[in-house]
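Report on one structure; see the data block that follows.
Positions are given from 1 along the sequence.
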Amino acid sequence: MSTGIIHLNKWRRLIGCHLVFCTLLLAFGGCSQEQQDAVRQRRDTLSDIWRCYRDMNASTGVPPDSASTLAEWILTVPDTVGYGQASECVVEGDVIVNWNGNLISPNGLGRYVFAFEAATPARGGYVVMGDGKVISMTAKQFANADMLPAKSD
């Protein structure tokens, strides 16, 4: 065997070992604290939007029918309630809400998507269900999910 081939095989083994090491490091290294905080913030925002929507419905007797209606109502609530970035995310379009939704369902609200991150239909992401539980869905799961039905007048 020529020395060029032997040298090439050593490099292939070295690169292969390096790739395996990097793959294991990524797989078991976990997320950084910044990534974990960002995910927590995304989930908290969805939860805040659900709480805000629910509270407005309880307070006024009708669910909000638009982002502006919800944002206006938030302005009437004391800051201590802590809706976080709910209004901003809804108004900016970062989160899509099923407006005028029926928060009373004989089948249980946990089976309906209440709101979702804007990218979820295309790439998957976090959604908040009608019962307030925040979960992650793939794009395929989202496509097959039931949306919160509208409140009938």
Side-chain angles (χ1 to χ4, degrees), residues 12-75 77 79-153:
R12 284 184 181 162
R13 280 191 299 239
L14 181 62
I15 291 171
C17 288
H18 182 69
L19 288 174
V20 168
F21 175 75
C22 288
T23 302
L24 290 173
L25 183 63
L26 288 174
F28 296 107
C31 295
S32 71
Q33 187 61 44
E34 286 179 8
Q35 290 170 322
Q36 291 175 16
D37 291 344
V39 167
R40 188 177 304 109
Q41 180 62 46
R42 290 168 52 198
R43 293 175 59 92
D44 289 349
T45 297
L46 284 167
S47 182
D48 289 344
I49 292 168
W50 178 83
R51 282 187 321 107
C52 182
Y53 188 102
R54 178 202 62 196
D55 292 351
M56 180 182 170
N57 186 52
S59 172
T60 65
V62 294
D65 59 2
S66 68
S68 59
T69 304
L70 187 63
E72 289 172 16
W73 182 80
I74 288 174
L75 293 175
V77 178
D79 289 341
T80 57
V81 174
Y83 291 128
Q85 298 176 343
S87 177
E88 182 181 328
C89 288
V90 170
V91 171
E92 294 294 324
D94 298 332
V95 174
I96 310 300
V97 177
N98 289 307
W99 299 112
N100 200 33
N102 183 7
L103 294 179
I104 301 171
S105 172
N107 299 328
L109 293 171
R111 62 180 286 234
Y112 298 113
V113 173
F114 162 74
F116 53 93
E117 294 175 311
T120 302
R123 296 191 315 249
Y126 288 104
V127 304
V128 60
M129 306 305 284
D131 62 358
K133 183 177 180 185
V134 178
I135 62 172
S136 178
M137 282 189 174
T138 65
K140 185 175 181 176
Q141 289 170 322
F142 181 81
N144 295 319
D146 293 326
M147 297 297 121
L148 185 69
K151 183 176 182 178
S152 52
D153 294 319

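For S47 against V134, the heavy-atom pair with the smallest separation is N-CG2, 4.0 Å. Taking each heavy atom of A139 and A122 in turn, the nearest pair found is CB-O, 3.7 Å. Scanning all heavy atoms of the two residues, the minimum distance from Y53 to W99 falls at OH-C, 3.7 Å. When all heavy atoms are compared, the tightest approach of F116 to P121 is CE1-CG, 3.8 Å. Pairing each heavy atom of N57 with each of P63, the nearest pair is OD1-N, 3.0 Å. Here the closest heavy-atom approach between residue V90 and residue A67 is recorded as CG1-CB, 3.4 Å.
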Worksheet entry | Trace of the side-chain contact (heavy atoms from CB on, under 4.5 Å) decision for V113 with M129 | CA-CA 4 Å; V113 173; M129 306 305 284; 4.1 Å; yes
Discussion item. With side-chain contact (heavy atoms from CB on, under 4.5 Å) as the criterion, how do V128 and I49 come out once you've worked through the C-alpha distance, each side chain's angles and the decisive distance to 0.1 Å?
Written reply: CA-CA 9 Å; V128 60; I49 292 168; 5.9 Å; no
Item to complete: Show your working on side-chain contact (heavy atoms from CB on, under 4.5 Å) between V39 and Q36 and close with a plain yes or no.
Response: CA-CA 5 Å; V39 167; Q36 291 175 16; 5.9 Å; no
Practice prompt. For the pair Q41 and T45, evaluate side chain to side chain donor-acceptor pair (under 3.5 Å) and give the outcome as yes or no after the intermediate values.
Written response: CA-CA 6 Å; Q41 180 62 46; T45 297; 3.1 Å; yes
Item to complete: Walk me through it: do L148 and N102 pass the test side-chain contact (heavy atoms from CB on, under 4.5 Å)?
Response: CA-CA 7 Å; L148 185 69; N102 183 7; 5.6 Å; no
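Rounding to the nearest 0.5 Å gives a distance of 11.0 Å between CD1 of I74 and CD of E88. The CG atom of L70 lies 6.5 Å from the CE atom of M56; values are rounded to the nearest 0.5 Å. To the nearest 0.5 angstrom, F114 atom CZ is 9.0 Å from L46 atom CG. The SG atom of C89 sits 11.0 Å away from atom CZ of R42, with the distance rounded to the nearest 0.5 Å.
Distance alone, capped at 3.5 Å, places no donor-acceptor pair between the D146 side chain and the Y112 backbone.
Looking only at side-chain heavy atoms (C-beta outward), T120 and Y126 stay at 4.5 Å or farther from each other.
For the side chain to side chain contact (heavy atoms under 4.5 Å, CB included) criterion with W73, the lone passing option out of S59, S68, P64 is S59.
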